[in-house]
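Please read the structure below before turning to the comments.
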Amino acid sequence: MKESKDRIHNQRFSVAPMLDWTDRHCRYFYRLMSKQTLLYTEMITTGAILHGKGDYLLFNEEEMPVSLQLGGSDPIALAQCARLAQERGYSEVNLNVGCPSDRVQNGRFGACLMAEPELVADCVKAMRDACDIPVTVKTRIGIDDQDSYDFLTAFIDTVSNVGCDTFIVHARKAWLSGLSPKENREIPPLDYPRVYQLKQDYPHLTLAINGGIKTLAECEQHLAHLDGVMLGREVYSNPYLLAGVDQHLFGSNADIMTRAQVVEAMYPYIEKHLASGAKLSHVTRHMLGLFQGLPNGRAYRRHLSERAPKADATLDVVIAALKLVTEYRQPE
Ligand SMILES: Cc1cc2nc3c(=O)[nH]c(=O)nc-3n(C[C@H](O)[C@H](O)[C@H](O)COP(=O)(O)O)c2cc1C
């Protein structure tokens, strides 16, 4: 019982896995603003983890809790990766059954797996057998013309039968051909009531909703029906939204950092990153939206986006960008 309560607590608010966006630098930055949010890695394929040259599982301790999202459909490879995820210290491992890109379909994983619930169940079972951390699934409400509620429940039935008790549901279907991944995040209509219905019919499962959510007030509305909310693009473009999460959604009394404090708290991390010979913009590209909507927020953004990519850019670029907003005085 306690375990499932913890699980619900963990899933209550999360930042979506986003390829090329939610890398370890991004997650370090997000963690400064919210201690409770569950963070997801970008999708990492089993092939990259098991046969790639780099260390795709690298993260900073401070980011925890983090869920590793895997792309794949070979139960043996997924099991190996789930074991590695646990060994490396990830909090959860998640299977991607929602990404519609062609590249992903060629590898027979992502959203097209919704059509093969038995295979997904085999994958999830193999992953669960290989590790003790939670194994969760991120999915859509349907694919192509297979978009009935019965199709969705048949998928949930088959996958939950092997013990998966947590699903994050992007509340729109995916078209597997004809639409780009970006269009597939915008064109198929959102259907939140369908996800609410799932919770009615599967009260024992931990169910989180994803897609098009933009404010903490909207999160609260969804949380009246479901166990969790997952936000992607809105957090990326307006990351300071995270600063209110612990207080508003988790009842925390801890002080909320100001935006300037968040930037300053990044300095030691940035210095360490630069000392390793890496580029400033790898870190600062995730910080561009921090002052979104504030006076001179655009000047901050421009300063960082123009100067940080230069090979010799140092922390001074960030200090100067911050001054543009903190020392800005509205014209009388
Ligand atoms: C740039 C980008 C990359 C994404 N990469 C992934 C991914 O690696 N794995 C995944 O499951 N979803 C991925 N998504 C989808 C998001 O996780 C999320 O489901 C989608 O953006 C809808 O949520 P939102 O409206 O809150 O952004 C990506 C979305 C974006 C914008």
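We number each residue from 1, following the sequence as shown. This is a predicted model, so every value here is computed, not measured. Just so you know, ligand 1 is whichever comes first in the structure, and atom 1 is the first atom listed for that ligand.
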| message | Within the 4.0 Å heavy-atom shell around Leu231, which atoms of ligand 1 are there? | response | 26 (O)

| task | Give the C-alpha distance, both sets of side-chain angles, the deciding distance and a yes or no for side chain to side chain contact (heavy atoms under 4.5 Å, CB included) between Lys125 and Arg128. | result | CA-CA 5 Å; Lys125 181 169 183 328; Arg128 280 174 53 85; 5.7 Å; no

| field | Which residue and heavy atom of the protein sit nearest atom 12 (N) of ligand 1, plus the separation | value | Lys138 NZ, 3.1 Å

| request: Look at the aromatic rings of Trp21 and Tyr236 and report parallel, tilted or perpendicular, splitting at 30° and 60°. | output: parallel

| message | Does the residue His170 have a heavy-atom contact with ligand 1, meaning some pair of atoms that are separated by less than 4.0 Å? | response | yes

| Of all the non-hydrogen atoms in the protein, which one sits nearest to atom 26 (O) of ligand 1, and at what distance? | Gly232 N, 2.8 Å

| Sub-6.0 Å ring centroid separation between Tyr269 and Phe29 | no

| task | Return yes when Gly212 approaches ligand 1 closer than 4.0 angstrom through a heavy atom, no otherwise. | result | yes

| said: My understanding is that only one of Gln86, Gln11, Gln69 makes a side chain to side chain donor-acceptor pair (under 3.5 Å) with Glu92; could you say which? | reply: Gln11

| Met43 N/O under 3.5 Å from ligand 1 N/O | yes

| query | Are Lys214 and Glu234 within salt-bridge range, i.e. N to O under 4.0 Å? | reply | yes

| query | Identify the closest protein heavy atom to atom 5 (N) of ligand 1: which residue and atom is it, and at what distance? | reply | Leu19 N, 2.8 Å

| message | Tell me whether Leu294 at atom CG has more than 12 heavy atoms from other residues, nucleotides or ligands lying less than 6.0 Å away. | response | yes

| said: Tell me the protein heavy atom at minimum distance from atom 21 (O) of ligand 1, and give that distance in Å. | reply: Arg185 CD, 3.5 Å

| Protein contact of atom 23 (O) of ligand 1 - nearest heavy atom, named by residue and atom, plus distance | Asn210 ND2, 3.0 Å

| query | Nearest protein heavy-atom contact for atom 9 (N) of ligand 1: which residue, which atom, what distance? | reply | Gln69 OE1, 2.7 Å

| task | Please report which non-hydrogen protein atom sits nearest to atom 7 (C) of ligand 1, along with the residue it belongs to and the distance in Å to one decimal place. | result | Pro17 O, 3.5 Å

| said: Is the contact between Trp21 and ligand 1 made by the side chain, the backbone, both, or neither, using heavy atoms and a 4.0 Å cut-off? | reply: side chain

| Any N/O pair Arg233/ligand 1 closer than 3.5 Å | yes

| Is any NZ, NE, NH1 or NH2 atom of the basic residue among Asp20 and Arg285 found under 4.0 Å from an Asp or Glu carboxylate oxygen of the other? | yes

| request: Determine, for Lys199 against Asp227, whether the closest basic-nitrogen to carboxylate-oxygen distance falls under 4.0 angstrom. | output: yes

| message | So is Cys99 touching ligand 1 or not, going by heavy atoms under 4.0 Å? | response | no

| task | Give me the ring orientation class for His225 and Tyr196: parallel if the planes are under 30° apart, tilted from 30 to 60°, perpendicular past 60°. | result | parallel

| Ligand-residue contact atoms, ligand 1 with Ala16, heavy atoms, under 4.0 Å | 16 (C), 17 (O)

| query | Is the shortest distance from a Lys or Arg side-chain nitrogen in Arg88 or Asp55 to a carboxylate oxygen in the other one below 4.0 Å? | reply | yes

